[in-house]
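Labels below follow one simple rule: chain letters A, B, ... track the order of the sequence lines, proteins then strands, and each chain is numbered from 1.
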Amino acid sequence: MVFSSTTLRRTVATSVVTVTLAFGPLLSAIAQTISLSGAGATFPEPLYQRYFAEFQKKNPGIQVNYQGIGSGGGIKQMTAGTVDFAASDTAMTDKEAAEVERGVVFVPTAGGPVAAVYNLPGVSQSLKLSQEVLPAIFAGQITRWNDPKIAADNPGVNLPDRPIRLAVRADSSGTTFIFTNALSAMDPYFKGRVGADKAPRWPGRPLSAKGNPGVAQTVKRTPFTIGYVEASFANENQLQTALVENEKGAYVAPTIENANRALENVEFDPDFRVDFEKLGAPADGYPITGLTWMMVYKQYPDAAKADAVKKLVQYSLTEGQALNDDLTYTEIPDEVAQQVIQAVNSTVTTGGSASR
Amino acid sequence: MKEPLETARSPSRAGISLFHPSPEAELNITTTSRWDLWLEQGFTWLLCGFALSTVVLLFWISWVIYQQARPAIQEYGLGFLWSQDWDVAGLAFGALPYIYGTLVSSAIALLIAVPVGLAVAIVTSENFLPLAVRSPLGFLVELIAAIPSVIIGLWGLFVLIPVLRPVQQVLYDYFKWTPLFSTEPFGPGLLTAGVILAIMILPTMAAISREVLLAVPQELRSASMSLGATRWETIFSLLLPAGVSGILGAAMLALGRALGETMAVTMVIGNSPYISASLLDAGYTIPALLANEFPEALEGLHIGALMYLALILFAITLLVNIAAVLLVWLIGLQRGMVLNR
Amino acid sequence: MTATPADSNPEVLAAELKRPLPKGRVLFSTGMSAIAFGLTGLALLPLLAILIEILRQGVPHLKWEVFVSLPAPAGMENTANGFANAILGTLIMVGIASVISIPIGVMTGIFLSELGQGAGGSSPLKAIASAIRFIATILSGVPSIIAGVFAYGVIVLATKQFSAVAGGVALAVLMLPIVTLTTEEALKLVPTSQRLASAALGANRLQTIFRIVVTSALSGITTGVLLAVARAAGETAPLLFTALFSQNWPQGLFNPTPSLSVLIYNYAFSPFVEQNQIAWTASLVLVGLVLLISILSRLVTRRNLMR
C-alpha cells in the first residue's frame, strides 16, 4: 500500500511536470503572433514552404503555415472556412467560387511543367512520347511497353515485354487537371474517355497515391509504371522523364525554359484566372504546363489578419518570385503581379463577422 | 492502510463511535447513516453517468456519420453495396471494390497471423525454453504492437516490397494458371497489404493466445503427460481444445484491428478501386479511401458515399465483434454442458 | 485396484516404460517443434528488420538540433532542421486526449468492475454494466480513421479551425475504451476478500473502492493508461484532417498543430532527401518514445506481480 501511494504521487508529479513542459513555451508563444493557416495544392508546396519561411524571417509577428493536401482539398477547406488561405492549380470554377461565402481573390503565383515520369529498368535514354502515344497510354489504348507505336518513336530502345501500369493521384488534384487538360487537347479519344478533370476515371486499374510526392514515390519504387508529377518532384526524385512532342513537332523536356515558352502567350482574365483550353494547348514550348493560384478571402474577421494576408501576397509576388527559378517554377510576369497586388490591396477587407 | 479511516472526508459514524466511546453514543453497526446512503447513491449515479458517456459516444459517432451519409443512402440505397463504379467527377459511387479489398486483405492477414501467432503463443507458454528466454521472447513479439502503423508502412514501402517482389514473381511464374496469381506482379497489392497487416495483428493474436494457454491448469498438462502423451499430443488434444474459445476471440480481435488499419495499408496496397481475383493485383480498402478522399470531398454526394462506406466499415467491425462475443459464449456453453455431464 | 499383467511382472513393466516411442510420434513431435520454432523466428523477423531499418536510417541524423529546431523548408541548406514542434504537438494532443479519456475511462472501469458485477451490484446495474462493457468493446474496434471523421464533423466544422483540440478529441475516442477495459481487468484482479475485509472494518463502499480496491490495482490501471497513451502517440490517420500539421510552433489549442506521426507520413514521400532522413529520425524518436512507454508499463506490472 505504501508503494502504491508513492506510485500515485510519482505519477501525479510526472504529469504535472509534463504538462508544464508542454504548455510553458506554448503560453508564451500564444502572446501576439498572428498566424495564417493555409492548405491546398501539393504542386507548389516546396515553393510555398520556402516563401513562408523567408517571409516569417522578415515579418517576425506573422506565422504562416501551409499544408499540401491537394487542390481539391484546398477548395474544400476554403469553402468550409477552416483555413485563412488556400491554393489550387485550377483556381476555382465559377460554381465553386460562388460557394465561398466570404468571397475569394485569385493570386497566380507560379507556373510549371508537369513531367510524364516512368520506371523502366534497363532503359537509359529518355523515351520520346508523341502527341498520339502519350494520350493513348493514359486512355488505356496502349497497354504494353513494347507496343509498336512506342517503339516507332524510340528506335533502338530495348522496350520490355511488360504491361504498362499507370500511377495516378488518389486525391482530387490540380496536377491531374493540368495533365488531363493537356492530353485532352492532344487527343479527342482521350478527351471522351478520360477528360480534363481533377479526379477523372482512369482506365486499366492504375495504382494511385496521395499528392505529387506519393505518385513520385510510387513510380520510383515500382518498375514498369508511368505517371505524372510536377517537374521539380521528378528532378528531386531523379525519375526517368519522357520527352513530349509539342505543337511544332519537337520532342521537348519539362524544363523551366520550355515551360516559360509555353506560358508566353497566356492571357489572364480580369480576375486573374485563365482560359484552360488555351493553357492546355500551347503553340510552343513544353505542352503540359500549368499555373497555380493562391486563393485569399475578400473578407477577414479582423484587420490584423487582413493586413497579414496583404503582406503575404505582396511578398510572394515580388521578392518571392526570385525564388521560383531556384525551385524550377516559372515566374508570373511583372505587370500581372503588380495588378494582382493592387487588386488584393483594394478588395481584401475586414468584413464584419465573416462567415461565422 | 496507514491512516485511520476517520480522516476520510466522509466520516463513518461507526468508526467515530468506536474510537471515541461515550456513554450516550450507541455503537451502531447494523444500519448505514443516511448521509452515507446518499453519498453512496450519488456516487453510484455519478459512476453510472461516466459509464453511460461511453454509450453516448458510440451513438454520437454513429449519428454524425449517418447524418453525413444520408445523401448517399437516399440516392443509392442498398444497391451501393454491390455497385462497382467510383467516379468522383461523374458523381457515381459504388462500394464493392472497397469492401472486397478490405475483406480480402484482412483475410490474408488472418490466414498468416493465426498459425504464426499460435506458434509464438505455444513456444512462449509451454516449457520448450527456459523461462528466462521465453518471457523476453513473448515481450519482443508484443513490441510490434507498439510500433506506430505509419512507420510499419514506411518499412513496407522501402524494405518489404523489394523483398516480396521476387517472391511474387515466383508465384506468378509457377501458379499463373490459378486465378489467385494470374496477373503480372509489380510490388504493391493485396498480398503485400495482407502481409503488412499480418505483421501488425500478430502481437494481438500471440499475446491473447498465450494468456489463454497459460490459463490452462498445470495439472491437466501433467495428467496428460503422465498418461504417456508427448508434448505435442498434449498441445493438440488438450491445450488447444481447452483454449479454443479464447483463441477464436483473439483471432476476431485481430481481425477487427486489420479491418480498420489505415496508414500502413494505403502505403502498400496500390489504391486501385477494381476487383481482381488475383492477389498480386492492386486493391483499395475503405479506411485507405477515407484517408485519401475525405479531406477534399466537396460534393454532398461524394461525402455521403464516403460516409456510407465508413458506416459499412463500422457495421463490419460491429459484426466481427458480435461474432467474437457469441462464439466465446457458445463454446463456453458447450463446454459447460460437457463438464456438467 | 486390480493388478494388470504388467504390474505383476516388473521386468515387462520396465521394458514397456523404456521402449522408445514409435517413429511416427517422435517424428510428429520433432516436426511440430521445428515448425513452431520456425514460425516464431518468422514472427520476430519483421520486428528486428523494422528496428534495424529505423536505427540504420535514423541514427546518423540524430543530432541535438532535431530536438530544438523547426522543420526547414525544402532546398534550404545550412539551416537547422528538426521537429521540435512536432514533438511538442504530439505531447499536447496526447495530453488533451489523456485529460478527456483517463478520468472517464477509469470511472467507467470502476463502474463495470465494482458496481456492475459480483454480489454487490443490483440486477439493473448489472444489465447496464454488461451493455456498457459490450459497447466499450465495440468502441475499441472503431477504426482510427472514423474517430478522425467524427472529430472533423464535431469540432473542426464547428470551430472552423483545424486544431489541437480536434486532434485530442479524436485520440481520446481511441484511448477511452482501452483505459476502460484495462481498468476493469485490473480491478477484477483485486481479491474479493480485501473488499470484504474493508467493509467489515466499517468502511462504506466509496472508501472501499478508492482506498482499498483502486489503490491495490493502481499499477494495473497505470499499465492500461500507458498502453492507451502509447497507442495515441503513434496514431496518424485521425490527425490528418483534425490537427492537420504546421511548420511552426503550436500556436495555441485552436490552431493547426504538428505531430510526429503526420510529419513522418508527409516526409516519407517527400522528394527531398533531407526530409526523408528527417522522417526516419522522427520515426526513431517516436518509436523510442512509444517503446519507452510500453516498457514502463511492463515494469509497473512486473513490480505489481512481485509484490
Write down the atom of Val116(B), the atom of Ala43(C), and the distance for their closest heavy-atom approach. CG1-CB, 3.7 Å
What part of Leu160(B) lies closer than 4.5 angstrom to a heavy atom of chain C: side chain, backbone, both or neither? neither
Heavy-atom closest pair, residues Ala119(B) and Ala36(C): CB-O, 3.8 Å
Is it the backbone or the side chain of Ser140(C) that comes under 4.5 Å from a heavy atom of chain B, or both, or neither? neither
Inter-chain contacts: residues 44-60 of chain B against chain C, heavy atoms under 4.5 Å: Thr44(B), Leu47(B), Cys48(B), Phe50(B), Ala51(B), Leu52(B), Ser53(B), Thr54(B), Val55(B), Leu57(B), Leu58(B), Phe59(B), Trp60(B)
Report which part of Ile199(B) has an atom under 4.5 Å of a heavy atom belonging to chain C: side chain, backbone, both, or neither. side chain
Tell me, for Val141(B) versus chain C, whether the close heavy atoms (under 4.5 Å) come from the side chain, the backbone, both or neither. both
Rounded distance [0.5 Å steps], CD1 in Ile145(C) versus CG in Leu313(B): 9.5 Å
Return the minimal non-hydrogen interatomic distance between Phe241(C) and Pro295(B), and the atom names on each side. CD2-CG, 3.6 Å
Phe37(C), part contacting chain B, at a heavy-atom distance under 4.5 Å: both
By a 4.5 Å heavy-atom criterion (distance strictly below it), what part of Thr262(B) contacts chain C: side chain, backbone, both, or neither? side chain
Mind checking the CH2-CZ spacing from Trp63(B) to Phe150(C)? Nearest 0.5 Å is all I need. 13.5 Å
Which answer fits Ala230(C), side chain, backbone, both or neither, if we ask what part of it has an atom under 4.5 Å from a heavy atom of chain B? neither
Quick one: of Glu233(B), Gln67(B), Arg257(B), Met307(B), who has the most non-hydrogen atom pairs under 4.5 Å with chain C? Glu233(B)
Tell me, for Gln68(B) versus chain C, whether the close heavy atoms (under 4.5 Å) come from the side chain, the backbone, both or neither. side chain
Mind checking salt bridge (Lys or Arg N to Asp or Glu O under 4.0 Å) for Glu235(C) and listing every partner two or more places apart, or none if nothing turns up? Arg231(C)
According to side chain to side chain contact (heavy atoms under 4.5 Å, CB included), who are the partners of Pro148(B), at least two apart in sequence or on a separate chain? Val150(B), Ile151(B), Leu286(C), Val287(C), Val290(C)
Under a 4.5 Å heavy-atom cutoff, which of Ile54(C), Thr40(C), Leu244(C) has the most pairs with chain B? Thr40(C)
With a 4.5 angstrom heavy-atom cut-off, is it the side chain or the backbone of Leu21(C) that approaches chain B, or both, or neither? side chain
For Val154(C), is it the side chain, the backbone, both or neither that has a heavy atom under 4.5 Å from a heavy atom of chain B? side chain
Contacting region of Val120(B) [heavy-atom separation from chain C under 4.5 Å]: both
Between Met263(B) and Leu240(C), is the side-chain contact (heavy atoms from CB on, under 4.5 Å) condition met? List the steps. CA-CA 10 Å; Met263(B) 302 317 292; Leu240(C) 283 178; 3.9 Å; yes
Heavy-atom cut-off 4.5 Å, strictly under: side chain, backbone, both or neither for Ile104(C) against chain B? both
With a 4.5 angstrom heavy-atom cut-off, is it the side chain or the backbone of Ala229(B) that approaches chain C, or both, or neither? backbone
Side chain, backbone, both or neither of Leu202(B) within contact of chain C (heavy atoms, under 4.5 Å): side chain
Phe158(B) vs Trp280(C) aromatic rings, parallel, tilted or perpendicular, using cut-offs 30° and 60°? perpendicular
Among Ile132(C), Val26(C), Val142(C), the residue with the most heavy-atom pairs under 4.5 Å to chain B is Ile132(C)
Winner by heavy-atom pair count (cut-off under 4.5 Å) against chain B, out of Ser294(C), Ser283(C), Gly153(C): Ser283(C)
List the residues meeting side chain to side chain donor-acceptor pair (under 3.5 Å) with Tyr152(C), not counting sequence neighbours, and say none if there are none. Gln77(A)
What is the distance from atom CZ of Phe269(C) to atom CE of Met267(B), rounded to the nearest 0.5 Å? 4.0 Å
Interface moiety of Leu48(C) toward chain B, non-hydrogen atoms closer than 4.5 Å: neither
Where is the tightest heavy-atom contact between Gly260(B) and Pro143(C), given as atom of each residue plus distance? CA-CB, 3.6 Å
Note: Pro115(B) and Leu39(C) closest approach over all heavy atoms is O-CD1, 3.9 Å
Does the side chain of Ile61(B) come within less than 4.5 Å of Leu139(C)'s, by heavy atoms? yes
Can you tell me how far CZ of Phe134(C) sits from CG of Asn321(B), rounded to the nearest 0.5 angstrom? 7.0 Å
Who among Thr124(B), Leu259(B), Ile322(B) has the most heavy-atom pairs with chain C under 4.5 Å? Ile322(B)
Output the option from Ser261(C), Ala49(C), Gly141(C) having the highest count of non-hydrogen pairs under 4.5 Å with chain B. Ala49(C)
Let's go through Leu51(C) and Ile147(B) carefully: what are the C-alpha distance in whole Å and the side-chain angles of both, what is the deciding distance for side-chain contact (heavy atoms from CB on, under 4.5 Å) to 0.1 Å, and is it a yes or a no? CA-CA 9 Å; Leu51(C) 290 181; Ile147(B) 299 177; 4.3 Å; yes
So which part of Ile138(C) gets closer than 4.5 Å to some heavy atom of chain B, the side chain, the backbone, both or neither? both
Heavy atoms only, distances under 4.5 angstrom: which of Ile112(B), Leu154(B), Thr230(B) has the most pairs with chain C? Name it, please. Leu154(B)
Within this structure, what is the OG1-CE distance for the pair Thr137(C) and Met252(B), rounded to the nearest 0.5 Å? 14.5 Å
